[in-house]
Asker: 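Once you've had a glance at the structure underneath, I'll fire off some questions.
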Amino acid sequence: MATKGILIDSTRCIGCGACEKACKMRNNLPLGLENHLSATAYTVVQERRPGIYVRRMCMHCENPTCVSVCPVGAFTKTAAGPVTYDKDKCIGCRYCMYSCPFSVPKYQWDRVIPYVQKCSLCADRIEEGSEPACTAACPVGASIFGERDALIGEAQKRIRDNPSKYVDHIYGLNEAGGTSVLYLSSVPFDKLGEPFTMQLPHKPLPLYTWAALEKVPTIVVVGGVVLTGIWWITSRRDEVKKFEERTQQHHWWQPGKKNGGTDKDPERR
Amino acid sequence: MLLRMPKITLWRIIIAVIAALGLYYTALRYTRGLGAVTNLSDKFPWGLWVGFDVITGVGLAAGAFIIALTVYIFRIDTYRPILRPAILTGFLGYSLVAVGLLYDLGKWYDVWHPIVFWNPHSVMFEVAWCVMLYLTVLALEFSSVVFERLRLNLLKKLIHMLIIPLSILGVILSTLHQSSLGSLFLIVPSKLYALWYSPYLPLFFFVSAVSVGFAMVTMESFLSRRFLGKGIELNLLNGLARVNVLVMAFYLTIKLIDLANRGVLGAVLSTRFESIMFDIETMVQVVVPLLLLLIPAVRTSARGLFVTSLFIVIGFIMNRLDITITGVEASSGTSYFPAFGEIAISVFLVTMGFLAFAFAAKYLNVFVHVQKKDEPPVAIIHDVE
Amino acid sequence: MVAIMVALTIIGFVVLDLVIQSVKVKRARQEQLVRLDFSDFSVPVNTFFYPGHTWVNILPSGEVRVGLDDFARKVIGDIEAVEIPSRGKALKQGEKAFTVKSGNKTLSFLSPVDGEVTGINNVMLANPVQAARNAYNSGWILILKPTNLAANLKIMKIAEEAVAWLKAEIRRFREFALGENLHFVKDELQYEVGRTSQDGGCLTEGMLGRMDEKAVRFFEEEFLGKKE
Ligand code: SF4
Ligand code: SF4
Ligand code: SF4
């Protein structure tokens with residue numbers, strides 16, 4: 001199955017907040033306007049420049065940081081595209097929040113037993129063959145759902161057809177190794193605020209840590225061999241020294257005499 | 001039975017206050033959740049507990065593996081008197097890290113999950129395993145002291161037989177997780193300030209952990225001399241300081257080379273808050289200690305070594321906190337200062353560590369007086385007349 | 001900010017402890033003046049004592065360690081500097097071996113054996129006050145390679161003999177300090193007189209520092225000088 005995604009065209013968004021509401025209803029979250037992503041808002045629409053609305057949600061990275069960092073593998077990148085969360089595995093270390101390049105995962109700080117919260121790309125609805133609640137609710141088609149490749153084609157076509165309207169950049173095509181959620185904009189992305197201002201490498205972020213992690217087996221093997229080797233040499237050295245001390249003792253105490261069974265261990269008192 | 005009131009000293013009062021506050025906030029944390037006790041937020045999910053109790057704590061306990069390496073693998077017997085205090089500190093340090101995690105993890109009762117749910121791509125997973133295994137190794141290494149006290153000679157012998165493989169394992173595990181704590185931050189190139197983010201973070205973390213390990217052993221010796229009247233001989237500590245000079249010089253060199261290679265050396269002179277913090281940290285952690293140790297009078301005096309070690313330890317702590325907290329403040333879009341509850345719990349944990357050390361040092365044979373061949377038994381003349 | 005806060009917290013605790021400690025030390029010092037006397041002496045049983053209050057310890061290598069004994073150290077007080085002959089120098093028994101300084105007083109000690117200097121205690125050079133406190137361990141001063149050890153040892157004392165000799169020396173010193181030289185230590189005596197007059201008065205550590213030059217030279221000659 002080809003991976004699915006969402007294309008968000010900020011030039012079409014009218015800031016009505018229908019997606020926010022649909023998402024909240026769908027996920028049983030308390031209704032009410034929120035300005036930032038939070039444990040009770042998996043998506044928000046913000047007016048980042050006069051008349052320009054930007055919708056925020058999980059980017060569903062192609063090679064997601066959150067999947068890579070979670071010590072217990074609570075996140076999974078499914079074949080269909082969504083990055084899903086298993087709240088029973090999660091231990092609450094919040095490394096995913098610390099490291100997500102788009103600062104997406106949010107936490108239930110006020111709960112005694114808190115979980116990480118974020119958009120799931122409505123994975124269950126996709127499985128049933130329908131589309132996410134938010135894209136279905138969008139009255140103007142500013143967010144559309146589809147296969148990622150098709151969405152990229154559509155985005156390229158829009159830019160080609162209307163070069164004066166769009167900046168020539170599909171955000172999410174390469175950022176952090178590519179994401180399933182893609183953005184189009186009429187102003188350069190670095191003028192749109194977080195997270196677009198962040199200088200993200202095109203290399204998937206998990207590869208940065210993998211460069212260090214893949215050395216682990218080597219360190220174990222080489223370290224084991226080297227340390228055992230050193231230990232063997234030093235213990236050999238000590239044995240030789242002991243032996244020499246003993247023979248020296250021998251000469252010292254027996255100048256020509258025969259008595260006193262003499263190879264007494266000098267260590268013994 | 002006669003019950004005697006313990007003598008009231010200033011320190012005891014302070015400890016009592018710390019304990020009372022600590023218990024209060026512990027209760028609050030487990031009944032009201034993280035949000036009630038901490039200043040953590042969605043924008044700033046890692047604070048003092050991760051930065052100090054866990055990441056710094058693991059580093060500060062590095063003395064154990066260095067001394068085990070010296071005594072068991074390199075077989076430099078002169079350092080044997082340091083072995084037990086170092087292993088004890090290591091064990092207590094790692095135990096405190098484990099306790100700190102129980103405070104910090106949102107679902108603390110699932111702390112064992114990494115044992116069954118694996119994610120080999122996660123640095124945190126590797127760190128979790130290494131710390132678990134190493135804590136076991138330390139417990140086994142230290143158990144021989146306990147067995148000795150309980151006169152369980154058979155068990156003590158058993159540990160003795162295992163000690164070489166155990167210490168080899170311990171050294172490997174320490175190398176791995178000390179450096180991996182640095183790898184934790186490799187994944188945030190866009191968030192961490194450029195002076196700190198480097199592909200060589202694992203190496204920096206490892207080398208600085210070695211350096212602070214030496215300093216911690218020295219500090220412990222002085223503290224236990226201060227409070228318990230037992231400590232380590234000056235010339236041994238002097239030897240440690242000499243090696244540490246090399247380690248710190250190496251650290252400083254690779255750091256400078258790395259900054260130059262990445263072309264951010266200029267940022268050192270900038271007046272940005274992060275740059276200033278970076279400069280202070282580097283001064284305290286390596287530059288000042290190096291200069292101090294070049295002075296022979298400092299190297300051979302107890303007070304000199306103590307002050308130098310204090311510099312190294314404080315600098316090290318600043319370095320780890322700068323990376324976990326200060327370095328990501330700008331990109332987080334908010335600022336963070338720990339809540340009183342977070343500070344109270346951290347101080348509480350450290351205090352418990354000190355008490356546990358004092359307790360162990362008092363009742364177990366931690367500071368072994370190794371009798372040298374040329375050191376005779378002593379006769380004492382009392383009463384001259 | 002956080003880093004600075006943590007650093008300051010730690011420094012705060014250390015400073016607090018320093019204050020507590022210095023108050024304690026001050027109190028302890030006042031007590032010490034009253035209490036310290038010469039009734040506690042360690043005599044290592046495998047160490048030879050030369051009558052000039054230097055000691056000799058034979059190392060497994062056959063070389064000997066040399067230092068000044070606990071008695072001399074306590075009489076002198078804190079040793080602030082030592083002057084040591086360089087390596088390779090040949091010494092004879094009864095010849096001047098090294099000099100120690102305490103305050104404005106300088107005292108020479110004689111070599112207990114014939115031999116060549118093969119080692120010197122660097123810790124003692126760098127930090128004599130601390131090192132000298134432990135007279136028979138960290139307080140060693142020279143290592144000599146003896147050339148005439150068997151003969152040299154004849155006039156030295158060991159074990160029970162050393163204990164007896166040292167007791168006699170202490171008694172002699174008490175007479176010297178509190179008897180005919182009473183005026184040297186008047187203030188101490190007055191301090192002590194109520195408590196310990198029946199056993200002839202107590203002595204305090206470092207009392208040589210409070211005597212005049214004449215008495216110090218007398219001490220050097222009588223106690224540290226050459227005997228046959
Ligand atoms: S945006 Fe963040 S939370 Fe979403 S998939 Fe990517 S790394 Fe994970
Ligand atoms: S907070 Fe939970 S989901 Fe996030 S990294 Fe930690 S264990 Fe994984
Ligand atoms: S995909 Fe589903 S969970 Fe995500 S923002 Fe849309 S409605 Fe909410």
Side-chain angles (χ1 to χ4, degrees), chain B residues 9-11 14 47-48 51-52 56 223 226-227 233-235 238 273 277 280-281 284 296-304 306-307 310 313-315 317-326 329 335-338 343 346-347 350-351 372-385, chain C residues 1-11 13-14 16-21 23-24 37-47 57-61 64-65 121-131 134 136-138 140 159-160 162-164 166-171 174 198-200:
Chain B
T9 64
L10 187 52
W11 272 129
I14 295 174
L48 188 68
F52 182 73
T56 310
L223 289 179
R226 153 84 178 85
F227 288 99
E233 281 177 41
L234 193 62
N235 53 344
N238 184 348
F273 180 63
M277 289 298 285
I280 298 179
E281 156 208 317
V284 177
V298 172
R299 242 185 295 140
T300 48
S301 83
R303 191 159 293 190
F306 178 77
V307 171
L310 190 64
V313 170
I314 291 181
I317 295 174
M318 292 184 76
N319 167 261
R320 295 305 196 254
L321 291 175
D322 280 346
I323 291 176
T324 27
I325 296 171
T326 313
E329 259 180 323
S335 68
Y336 164 83
F337 193 82
I343 301 175
S346 296
V347 174
V350 174
T351 312
K372 284 186 229 109
K373 276 180 206 147
D374 56 325
E375 195 174 296
V378 164
I380 296 182
I381 322 177
H382 279 296
D383 166 41
V384 179
E385 291 306 329
Chain C
M1 239 31 222
V2 183
I4 290 180
M5 183 271 294
V6 173
L8 289 182
T9 311
I10 296 174
I11 295 172
F13 275 112
V14 171
L16 179 66
D17 187 53
L18 278 181
V19 173
I20 295 181
Q21 231 175 332
V23 170
K24 249 192 204 161
D37 66 355
F38 275 76
S39 57
D40 275 326
F41 275 96
S42 314
V43 175
V45 294
N46 69 348
T47 298
N57 200 321
I58 303 170
L59 300 175
S61 65
V64 298
R65 263 188 191 168
N121 185 352
N122 285 322
V123 178
M124 185 73 179
L125 280 179
N127 184 10
V129 178
Q130 276 296 328
N134 199 343
Y136 304 109
N137 286 311
S138 56
W140 65 276
E160 294 80 8
V163 172
L166 200 65
K167 279 185 178 175
E169 285 289 281
I170 293 168
R171 210 171 294 127
R174 180 166 287 165
Q198 62 273 53
D199 63 353

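All chains are named by letter (A, B, ...) in the order of the sequence lines, taking the proteins before the strands, and each is independently numbered beginning at 1.
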Asker: Are the side chains of C:W140 and C:N57 in contact, using a 4.5 Å heavy-atom criterion?
Answerer: no
Asker: What pairs with B:E329 under side chain to side chain contact (heavy atoms under 4.5 Å, CB included), at least two apart in sequence or on another chain?
Answerer: B:F44, B:T326, B:S335, B:Y336
Asker: Nearest heavy-atom pair of B:G51 and B:L321: which atoms, and what distance?
Answerer: C-CD2, 3.7 Å
Asker: Is it the backbone or the side chain of C:V2 that comes under 4.5 Å from a heavy atom of chain B, or both, or neither?
Answerer: both
Asker: Report the option among B:V313, B:T56, B:I314 that has the most heavy-atom pairs separated by less than 4.5 Å from atoms of chain C.
Answerer: B:I314
Asker: Please identify, among C:I10, C:V129, C:I20, C:V123, the residue contributing the most non-hydrogen atom pairs under 4.5 Å to chain B.
Answerer: C:I20
Asker: What residues, two or more places apart in sequence or in another chain, satisfy side chain to side chain contact (heavy atoms under 4.5 Å, CB included) together with B:I280?
Answerer: B:I276, B:V284, B:M318
